[in-house]
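Worksheet: one structure, shown below.
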2 protein chains.
Amino acid sequence: MRQLCMPHGLSCDELAKLETLICSARSVPRGEALYRSGDRFDNIYAVRSGSMKTVMAHRGGREQVTGLRLAGEALGLDGISNDVHACSAVALEDSTVCIVPYTALKSLCREISSMQERMHKLLGEQIVREAAQMMVLGSLSADERVAAFLLDVSERNAQRGYSSAEFNLRMTREDMGSYLGMTLETVSRTLSRFQKRGLIDTQGKHIRIVDLDGLRQV
Amino acid sequence: MRQLCMPHGLSCDELAKLETLICSARSVPRGEALYRSGDRFDNIYAVRSGSMKTVMAHRGGREQVTGLRLAGEALGLDGISNDVHACSAVALEDSTVCIVPYTALKSLCREISSMQERMHKLLGEQIVREAAQMMVLGSLSADERVAAFLLDVSERNAQRGYSSAEFNLRMTREDMGSYLGMTLETVSRTLSRFQKRGLIDTQGKHIRIVDLDGLRQV
DNA sequence: CGGAGCCTTGATGTTAGTCAAGCCTAGTGG
DNA sequence: CCACTAGGCTTGACTAACATCAAGGCTCCG
């Protein structure tokens, strides 16, 4: 939560007020949904530990992974527009989230302008992140998509104070493929090729970035 | 502007307050940018007449169309997260926009909760719309993408009180291709095939939907 | 009326998808 | 603690879809 708010101009005092909103935390076992598409929207969440994916279903049963949330990142904004969640959020590993009731958060945003500012930025960031992902899906090759994804995760890890070079990606190859608009086989082949080229070192879900610049130039 | 706000719980009185914010309108000739990626973010816009595309550039010069805005739709939200616009907005035809200064809008949102509500929904809608487009790009075939796009435009036209069956799409085949993650040739071929199948009737940029259900089933 | 940009269509090439088989690993139960 | 199993991962051979290259026609604007 501090992760999510501190670096953005909230005073300790204001942060304390925010923390009074957080009714509770909730733990979500691996594979379970925090909320499902169609559920009523009441809360925004912050991932406290673990990681989650957001999934959207097309009519016709096809599903696509639309996002990955690491610890410290916000979740649930897809419900604001319609009072109903547009995605489902599923835990990639045993995870915990903080629960922030939306109605209370709105009031706080009207009282405290820095809180309003933070809320707008949170929404704006997701808009820009998704637009960037549209670019990835619309104009990059398979190799470029995988490289962009690894670099994105690496950078987000760094931002949260973890290693940018080495991490556990709890998504399956299928999840990655879905997120990147390709098949799990192509993801696997691409990672293997990157490894042969000395760009990364993979051992299943454990990934080490060996040649950051090389990866950037893919 | 009323388009953008009226159906969403603002009273006439409140709407009047909003209208005091609108410093001015601005006209944007076809092909010109309302704002460019990297420009400082000061205003949100509403398309008053005409239509615009939003474009995002990748390092390496590659550009992708990330959105289409018809009259009555909002524009510029990509600047909130960073105080700098992440996309460029380019007029597809001679267009006019209303200018809403963001700082003033924020104040109004703190005063009037229905205004805050509207603002959040606006942001939330874009988040959901972009997620849906990620699905289109990530998991649909070329035919399905084009069909989904035509249906989307048709529906948005209907919402604004225009014909859902017949419209002028001012994007070029290249713009459509970019937005849909395919080449202009594939767009053209797909439209031709749809026409042969009796789904649509195209004459350059003028499009008439002949068989709505057929298009939905593509 | 002329021309530039846009659109269409065809032939060919390339990338990533599909199908298939076997292996590895983590989690389970004895 | 070990063996078993199921799900996940890798790799190969083949295929399909879409991109690329190319040429010609249309249309809209000046």
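Proteins get letters first, then strands, A, B, ... in listed order; numbering begins at 1 in each.
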Restricting both atoms to N or O, compile the protein contacts to nucleotides 22-24 of chain C shorter than 3.5 Å, with distance only.
none

Do NZ/NE/NH1/NH2 and the carboxylate oxygens of [X] and [Y] come within less than 4.0 Å?
X        : Y        : value
A:Arg30  : A:Asp94  : no
B:Glu93  : B:Arg170 : yes
B:Asp211 : B:Arg197 : no
A:Glu144 : B:Arg62  : yes
B:Lys121 : A:Asp83  : yes

Side-chain touch [X]/[Y], heavy atoms, less than 4.5 angstrom:
X        : Y        : result
B:Asp78  : B:Met56  : no
B:Glu185 : B:Ser188 : no
A:Asp213 : A:Arg216 : yes
B:Leu140 : B:Met135 : no
A:Val65  : A:Thr54  : no
B:Asp201 : B:Ile207 : no

Query raised in the report: Please walk me through it: do A:Tyr179 and A:Phe149 pass ring pair (Phe, Tyr, Trp, His ring centres under 6.0 Å)?
Result: CA-CA 9 Å; A:Tyr179 183 58; A:Phe149 177 63; 5.6 Å; yes

Report summary line: Between CG of A:Leu184 and C1' of D:dT10 the distance, given in whole Å, is 10 Å

**Report entry** Between C1' of C:dC7 and CG of B:Leu169, the distance in whole Å
**Finding:** 15 Å

Query raised in the report: How are the rings of B:His85 and B:Phe41 set relative to one another: parallel (under 30°), tilted (30 to 60°) or perpendicular (over 60°)?
Result: perpendicular

Query raised in the report: Which word best sums up how the rings of A:Tyr102 and B:His120 line up, parallel for under 30°, tilted for 30 to 60°, or perpendicular for over 60°?
Result: tilted

Report task. Summarise protein proximity over nucleotides 10-20 of chain C in one line of letters, 5' to 3': B for base, S for sugar-phosphate only, - for none, counting protein heavy atoms closer than 4.0 Å. Result -> BB----SSBB-

Query raised in the report: Any chance CD of B:Glu155 has more than 12 other-residue heavy atoms, nucleotides or ligands included, within less than 6.0 Å?
Result: no

Query raised in the report: What residues in residues 89-97 of chain B put a non-hydrogen atom under 4.0 Å from any atom of DNA chain D?
Result: none

Query - Sorted by number, the residues of residues 172-180 of chain A with heavy-atom contact under 4.0 Å to DNA chain D - result: A:Thr172, A:Arg173

Query raised in the report: Is there a residue in residues 192-208 of chain B whose heavy atoms reach under 4.0 Å of DNA chain C, and which residues are they?
Result: B:Ser192, B:Lys205

Report summary line: CD (A:Glu73) and CG (A:Leu122) are apart, to the nearest 0.5 Å, by 10.0 Å

Report task. With axes from five pairs an end, tell me the bend angle of the helix from C:dC1-D:dG30 to C:dG30-D:dC1, nearest 10°. Result -> 50°

Query raised in the report: Checking salt bridge (charged side-chain N to carboxylate O under 4.0 Å, His left out) for the pair A:Arg129/A:Asp152: CA distance, chi angles, key distance, verdict?
Result: CA-CA 10 Å; A:Arg129 214 174 312 118; A:Asp152 179 45; over 6 Å; no

